[in-house]
Asker: 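Next up is a structure, given as structure tokens.
Just so it is clear, the values below take in all heavy atoms, side chains as well, and ignore hydrogens, waters and symmetry mates.
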Amino acid sequence: QVQLVESGGGLVQAGDSLRLSCAASGRSFSSYAMGWFRQAPGKEREFVAGISWNGGVKYDTEAVKGRFTTSRDNAKNTVYLQMSSLKPEDTAVYYCAAVSGTMPSLREREYRYWGQGTQVTVSS
């Protein structure tokens, strides 16, 4: 069992930066690859970024490429999503999730554990 708690969301202006954190507790954090997803109002939840168990492999979507970076600190059982050059279309609830194994997945259904989400609102 893994419990995930996101933090760091908030209301910012377009062009600002935010760093989301996801703290994990429970079974060995380094046994899991991690993913970040988001869900905007009226839209389906979508994959944003993923990171392998040791941070060596990272995925992100075209919509955030060059602006968002994910990282992890296994000693602190925490994964991060650094977001810069934020746009109004980045407004969403952001979730972190854990998938068993070494590599992240783009598929939501493969993630076993989810955080409660943190709201990010970007004003124009």
Side-chain angles (χ1 to χ4, degrees):
Q1 189 79 8
V2 175
Q3 293 80 42
L4 303 172
V5 179
E6 302 97 336
S7 61
L11 172 63
V12 297
Q13 293 187 335
D16 285 352
S17 298
L18 271 178
R19 188 177 78 160
L20 304 183
S21 299
C22 173
S25 60
R27 298 186 65 182
S28 178
F29 177 64
S30 60
S31 298
Y32 296 89
M34 299 295 294
W36 287 96
F37 292 77
R38 67 185 181 185
Q39 187 168 22
K43 296 187 177 181
E44 294 187 352
R45 189 156 56 185
E46 64 175 358
F47 175 84
V48 174
I51 187 166
S52 63
W53 71 279
N54 64 352
V57 176
K58 300 179 183 181
Y59 301 154
D60 53 34
T61 61
E62 198 62 35
V64 306
K65 196 172 292 293
R67 301 188 299 121
F68 291 13
T69 301
T70 187
S71 61
R72 67 190 295 163
D73 185 339
N74 286 346
K76 295 182 178 179
N77 285 1
T78 303
V79 63
Y80 305 97
L81 183 66
Q82 178 67 48
M83 306 184 294
S84 61
S85 302
L86 282 161
K87 305 175 181 180
E89 51 263 44
D90 294 318
T91 294
V93 178
Y94 284 72
Y95 300 88
C96 66
V99 56
S100 296
T102 60
M103 298 297 288
S105 171
L106 277 64
R107 289 185 289 272
E108 179 179 342
R109 66 179 181 271
E110 295 189 8
Y111 287 79
R112 184 172 183 182
Y113 301 107
W114 291 82
Q116 83 289 350
T118 186
Q119 177 70 47
V120 173
T121 303
V122 184
S123 64
S124 58

Asker: Please report the C-alpha distance between Tyr94 and Glu6 in whole Å, then the side-chain angles of each, then the deciding distance to 0.1 Å, and finally whether the side chain to side chain contact (heavy atoms under 4.5 Å, CB included) criterion is met.
Answerer: CA-CA 8 Å; Tyr94 284 72; Glu6 302 97 336; over 6 Å; no
Asker: Does Lys65 NZ have over 12 foreign heavy atoms under 6.0 Å away?
Answerer: yes
Asker: Supply the atom-to-atom distance Asn77 CG to Ser30 OG, rounded to the nearest 0.5 angstrom.
Answerer: 8.0 Å
Asker: Are Tyr95 and Leu18 connected into the same hydrophobic cluster when the rule is that any two of I, L, V, M, F, W, Y join if their side-chain heavy atoms are below 4.5 Å apart?
Answerer: no
Asker: Show the nearest heavy-atom pair for residues Ser21 and Thr78, with the distance to one decimal.
Answerer: CB-CG2, 4.3 Å
Asker: Considering only residues two or more places apart or on different chains, which pairs with a residue in residues 88-124 satisfy disulfide bond (SG atoms under 2.5 Å apart)?
Answerer: Cys22-Cys96
Asker: How many angstroms lie between atom OG of Ser31 and atom CG of Asn74, to the nearest 0.5 angstrom?
Answerer: 9.5 Å
Asker: Would you say NZ of Lys76 has more than 12 non-hydrogen atoms from neighbouring residues, nucleotides or ligands within 6.0 angstrom?
Answerer: no
Asker: According to ring-ring contact (aromatic ring centres under 6.0 Å, His included), does anything in residues 6-34 pair up with another residue at least two apart or in another chain? List the pairs.
Answerer: Tyr32-Tyr113
Asker: Name all pairs fulfilling the ring-ring contact (aromatic ring centres under 6.0 Å, His included) condition that reach into residues 42-84, sequence neighbours left out, sorted by first residue then second.
Answerer: Phe37-Phe47
Asker: Which pair of non-hydrogen atoms, one from Pro104 and one from Ala33, has the smallest distance, and what is that distance?
Answerer: N-CB, 3.4 Å
Asker: What distance separates Gln39 CD from Glu46 CD, expressed to the nearest 0.5 Å?
Answerer: 9.5 Å
Asker: Let's go through Leu4 and Met34 carefully: what are the C-alpha distance in whole Å and the side-chain angles of both, what is the deciding distance for side chain to side chain contact (heavy atoms under 4.5 Å, CB included) to 0.1 Å, and is it a yes or a no?
Answerer: CA-CA 11 Å; Leu4 303 172; Met34 299 295 294; 4.0 Å; yes
Asker: Same cluster or not: Ile51 versus Val99, using hydrophobic residues (I, L, V, M, F, W, Y) connected whenever any side-chain heavy atoms lie under 4.5 Å apart?
Answerer: no
Asker: Can we say Asp90 and Arg38 salt-bridge, meaning some charged N sits less than 4.0 Å from an Asp/Glu carboxylate O?
Answerer: yes
Asker: Quick one: are Val2 and Arg112 in side-chain contact, heavy atoms under 4.5 Å?
Answerer: no
Asker: Would you check if the side chain of Lys58 reaches a backbone N or O of Thr69 as a donor-acceptor pair within less than 3.5 Å?
Answerer: no
Asker: Donor-acceptor pairs under 3.5 Å, side chain of residues 117-124 to any protein atom, not counting sequence neighbours: which ones?
Answerer:
| residue | atom | partner | partner atom | Å |
| --- | --- | --- | --- | --- |
| Thr118 | OG1 | Gly9 | N | 3.2 |
| Gln119 | NE2 | Ala92 | O | 3.4 |
| Gln119 | NE2 | Thr121 | OG1 | 3.3 |
| Ser123 | OG | Val12 | O | 3.3 |

Asker: Listing request: all side-chain hydrogen bond (donor to acceptor under 3.5 Å, both in side chains) pairs with a residue in residues 97-108, at least two apart in sequence or in separate chains.
Answerer: Arg45-Glu108, Ser105-Glu110, Arg107-Glu110
Asker: Holding to side-chain contact (heavy atoms from CB on, under 4.5 Å), I want the full list of residues that pass it with Ser17, two or more places apart in sequence or in another chain.
Answerer: Gln82, Ser84
Asker: Are Tyr111 and Met103 connected, step by step, through hydrophobic side chains (Ile, Leu, Val, Met, Phe, Trp, Tyr) whose heavy atoms are closer than 4.5 Å?
Answerer: yes
